[in-house]
There are 4 protein chains.
Amino acid sequence: MAPHSSAPHDPDAAPSARAESQRERILDAAQRCFIARGFHAATVSDIATEAGISQGLMYRYFDNKRAMILALIERQLQSDQQSMRRNPLSADIVENLLAIHQLWTRGESIAGVDAAIASVALYAEITAEAQRDPVVADVLQRHDRLTTQTVCDWLRQHDLARGAAIDEAGLQRRTLLMRTVVEGLAMRAVRDPDIAPQTVRAMLAGAMAQVLND
Amino acid sequence: MAPHSSAPHDPDAAPSARAESQRERILDAAQRCFIARGFHAATVSDIATEAGISQGLMYRYFDNKRAMILALIERQLQSDQQSMRRNPLSADIVENLLAIHQLWTRGESIAGVDAAIASVALYAEITAEAQRDPVVADVLQRHDRLTTQTVCDWLRQHDLARGAAIDEAGLQRRTLLMRTVVEGLAMRAVRDPDIAPQTVRAMLAGAMAQVLND
Amino acid sequence: MAPHSSAPHDPDAAPSARAESQRERILDAAQRCFIARGFHAATVSDIATEAGISQGLMYRYFDNKRAMILALIERQLQSDQQSMRRNPLSADIVENLLAIHQLWTRGESIAGVDAAIASVALYAEITAEAQRDPVVADVLQRHDRLTTQTVCDWLRQHDLARGAAIDEAGLQRRTLLMRTVVEGLAMRAVRDPDIAPQTVRAMLAGAMAQVLND
Amino acid sequence: MAPHSSAPHDPDAAPSARAESQRERILDAAQRCFIARGFHAATVSDIATEAGISQGLMYRYFDNKRAMILALIERQLQSDQQSMRRNPLSADIVENLLAIHQLWTRGESIAGVDAAIASVALYAEITAEAQRDPVVADVLQRHDRLTTQTVCDWLRQHDLARGAAIDEAGLQRRTLLMRTVVEGLAMRAVRDPDIAPQTVRAMLAGAMAQVLND
DNA sequence: AATGAATGAGCCTTCATTCAT
DNA sequence: GATGAATGAAGGCTCATTCAT
């Protein structure tokens with residue numbers, strides 16, 4: 001019908017660059033609102049205002065509020081994965097996590113930092129949602145396995161580099177420990193923001209020793 | 001107005017036993033609803049039905065919905081603490097956590113089990129709320145420190161029992177590790193419910209070794 | 001739970017007298033609004049205002065707007081049937097229809113008159129809805145057959161009274177003619193309200209002669 | 001602005017052939033949508049899609065949705081009249097009506113058939129609208145009288161052809177009967193689609209005998 | 001103490017209409 | 001002429017809260 005442009009409401013067509021950037025603007029706004037108020041308390045009106053567009057227009061880009069939530073979750077998971085992939089294991093891992101812990105502690109949303117968890121509030125809310133919404137649970141699990149694979153590959157490379165024998169069961173154990181400690185630390189940062197940094201550093205040093213050298 | 005009992009709406013009077021048990025019933029119902037649907041999606045009507053009372057009556061026990069949420073959070077934190085206090089460190093700690101991990105994995109609400117986290121969804125939602133609501137954050141932090149103290153005392157007792165030297169910095173590090181691993185594992189259980197149990201056991205064995213024996 | 005009263009929102013309980021009278025008030029208001037503006041143009045807010053209650057309260061008595069429409073249609077059909085049943089065939093049938101035609105012509109809603117069609121606008125709108133909504137179509141057809149039976153029985157009694165032989169095919173033909181003329185006349189009354197009464201009377205006389213005496 | 005053609009948005013200019021054909025396309029689409037969903041439930045977007053043009057463009061041909069409805073009603077009435085004029089009274093009138101009744105019964109829109117009522121749903125909705133909107137009522141009545149005149153002329157010709165004396169009052173009576181039966185039958189077709197065809201034929205035979213031979 | 005009817009604010013969503021291109 | 005992005009005003013509906021009984 002209109003050969004030179006494909007509207008966002010035409011599901012068969014690839015979205016135009018403008019449409020894509022609008023979606024991103026909306027998702028950015030949604031992210032801020034969801035972090036600030038939560039998935040259910042944030043209103044479509046909030047998001048529209050934050051995005052600087054009218055409420056009605058949002059429905060050209062998303063079928064409904066739930067679709068916004070799902071799209072945001074999907075985007076968040078993909079961004080998390082990319083962060084993990086870009087951020088190789090290093091000797092500085094303890095110091096890196098320590099720095100990120102400080103940001104979590106301040107409740108700031110982390111942009112430009114390669115953190116697997118950009119906002120603890122969003123991470124927690126997505127997790128809660130996964131226990132209620134099977135669609136969210138599925139998306140989450142699919143991404144989770146990719147991330148686990150990424151971490152596992154890291155460790156395998158690390159072992160090869162240091163000439164250690166490859167032990168698959170051990171790799172999985174250490175991957176799980178790595179992820180558990182990171183995510184647990186995020187929760188700790190919110191629930192008691194005043195832990196002494198040296199305690200965190202010592203804990204991380206011990207745990208990362210197991211991750212990297214066992 | 002009610003000559004034979006001090007009504008719960010009289011703030012100056014000590015709540016009667018009956019009033020106290022009503023509050024408990026309501027909070028029990030609220031807990032089930034909040035776990036199933038979340039703080040904001042659960043309606044007052046849901047909770048009233050679940051508690052088997054009328055909507056209007058709830059407002060004799062709680063000023064409003066927010067007060068219910070706060071009371072539930074408070075109660076949850078106290079119950080978590082009691083679990084921790086009742087559940088001393090033992091050689092079975094790995095197997096205990098493994099069993100709880102299975103329950104988390106199934107998304108079941110844990111009753112009668114001495115788990116620090118009765119429902120991961122509720123735990124996550126409370127954490128998210130803490131990053132938005134300073135009142136929640138304060139309550140959370142106050143309880144958190146008590147719990148940290150409880151765990152720390154455990155470990156001190158454990159060290160005394162095995163004749164180890166007492167190292168305060170080490171105790172704090174191991175306490176943090178303990179809590180981080182438990183809370184991280186709860187999140188892992190939701191985000192990827194299909195991790196192999198032997199992997200979890202191996203990870204826990206390694207981490208708990210550091211907690212108990214370092 | 002409450003043994004002495006059954007709330008309208010409890011689907012298992014028989015509605016209380018109060019609830020029933022509220023439903024009637026709402027349906028009365030809905031009828032006025034639907035006649036004045038149509039099923040789809042009339043708003044729930046219109047109806048609430050007309051009924052003198054709040055919007056929210058309507059949803060204690062009807063699940064949604066569609067349920068109101070369906071309930072009104074059902075009530076209308078039942079009332080039509082009762083009119084037919086109360087209003088036996090008589091020598092005055094021509095004059096009766098003539099009088100009703102005058103009311104139709106003025107677009108007035110007919111109350112207290114035993115007219116099969118109380119409001120032509122409502123009758124037309126229900127008919128239109130039947131061609132779109134299978135549920136409405138079903139309800140309509142079910143009632144229609146009862147009404148047809150009622151008219152058919154009238155005519156049979158009439159024939160017996162005048163000593164005529166009973167001819168089933170003929171009864172059905174005359175029943176159909178009777179109903180067709182009545183409903184057709186209703187439409188005529190709206191589409192050209194200025195037909196001369198003597199023309200209507202003459203037409204009815206001829207048609208009713210066939211209905212009553214063939 | 002458009003030097004080579006008189007644009008439809010210029011009210012002083014005669015509409016170009018192109019503009020006229022666009023209007024027809026839009027009205028065709030509108031008719032399909034209105035039949036399927038009703039005046040108020042059909043959206044401008046529906047109609048635009050059905051017509052294969054953009055929403056914005058429709059506003060170059062019609063001021064607003066109401067203007068579309070009015071134009072469609074006007075066109076419908078004209079087309080009905082032409083059908084009546086093209087379709088002279090004949091011995092087959094009973095069989096013709098019987099065939100049309102079948103189409104009404106199936107809820108199909110009748111195209112290419114010389115039926116006075118192309119769609120019962122549309123006919124009913126227009127009738128309902130006439131009782132609300134004086135503009136519609138006026139247009140309807142004006143057309144109605146022309147149609148009545150057309151039918152009346154038919155019958156006069158018929159009488160002349162068979163050598164009967166011309167009786168003006170009788171002509172009006174028979175015209176009214178004719179129209180009443182046709183429109184009443186349309187309603188019957190929707191409200192009880194399962195009437196036996198032989199019953200319809202017998203009823204029509206009797207009524208048309210009065211129309212043609214009295 | 002207890003009920004549940006009643007309210008009204010506000011939410012998600014739709015849609016007629018406008019406007020920049 | 002033509003598009004479709006954008007707007008804003010409702011509309012249907014929900015729900016926390018209040019109140020008469």
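All values below were derived from every heavy atom in this structure, side-chain atoms included, with hydrogens, water molecules and symmetry-related copies excluded. Naming: A, B, ... by sequence-line order, numbering from 1 per chain.
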Options dA2(E), dT3(E), dA2(F), nucleotide nearest the side-chain atoms of Tyr61(B):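 The nucleotide sitting nearest to the side chain is dA2(E).
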
Under 4.0 Å protein heavy-atom contacts per nucleotide of nucleotides 9-16 of chain F, with B for base, S for backbone only and - for none: --SSBBBS

Passing option when Ile26(A) is tested against Met58(A), Gln31(A), Glu50(A) for side-chain contact (heavy atoms from CB on, under 4.5 Å):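 The single option meeting the side-chain contact (heavy atoms from CB on, under 4.5 Å) with Ile26(A) is Met58(A).
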
Nucleotide-level pairing of DNA chain F, given in dot-bracket where Watson-Crick and G-U pairs need both distances under 3.5 Å and | marks other strands: .||||||||||||||||||||

Donor on one side chain, acceptor on other, Arg60(B) and Gln22(B), under 3.5 Å: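 Note: Arg60(B) and Gln22(B) side chains miss the donor-acceptor criterion.
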
Could you give the [atom1]-to-[atom2] distance, from [X] to [N], as a whole number of Å?
| X | N | atom1 | atom2 | answer |
| --- | --- | --- | --- | --- |
| Met58(B) | dT18(F) | CE | C1' | 15 Å |
| Arg18(A) | dG4(F) | CZ | P | 14 Å |
| Ile47(D) | dG4(F) | CD1 | C1' | 17 Å |
| Phe62(A) | dT14(E) | CZ | P | 15 Å |

Does [X] come within less than 4.0 Å of [Y], counting only side-chain N to carboxylate O?
| X | Y | answer |
| --- | --- | --- |
| Arg32(B) | Asp46(B) | no |
| Arg132(A) | Glu125(B) | yes |
| Arg75(B) | Asp28(B) | yes |

Side-chain heavy-atom pair Tyr61(C), Ile53(C) within 4.5 angstrom cut-off: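 No, too far: nothing below the 4.5 Å cut-off.
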
Those residues that, when tested against Phe39(B), pass ring pair (Phe, Tyr, Trp, His ring centres under 6.0 Å) (two or more places apart):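 Residues passing ring pair (Phe, Tyr, Trp, His ring centres under 6.0 Å) with Phe39(B): Phe34(B).
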
Any Arg60(B) side-chain N or O less than 4.0 Å from OP1/OP2 of dT18(F):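 No, because none of the side-chain N or O atoms of Arg60(B) sits under 4.0 Å from OP1 or OP2 of dT18(F).
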
Rounded distance [0.5 Å steps], CD1 in Ile69(D) versus NE2 in His40(D):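 Going from the CD1 atom of Ile69(D) to the NE2 atom of His40(D) covers 6.0 Å.
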
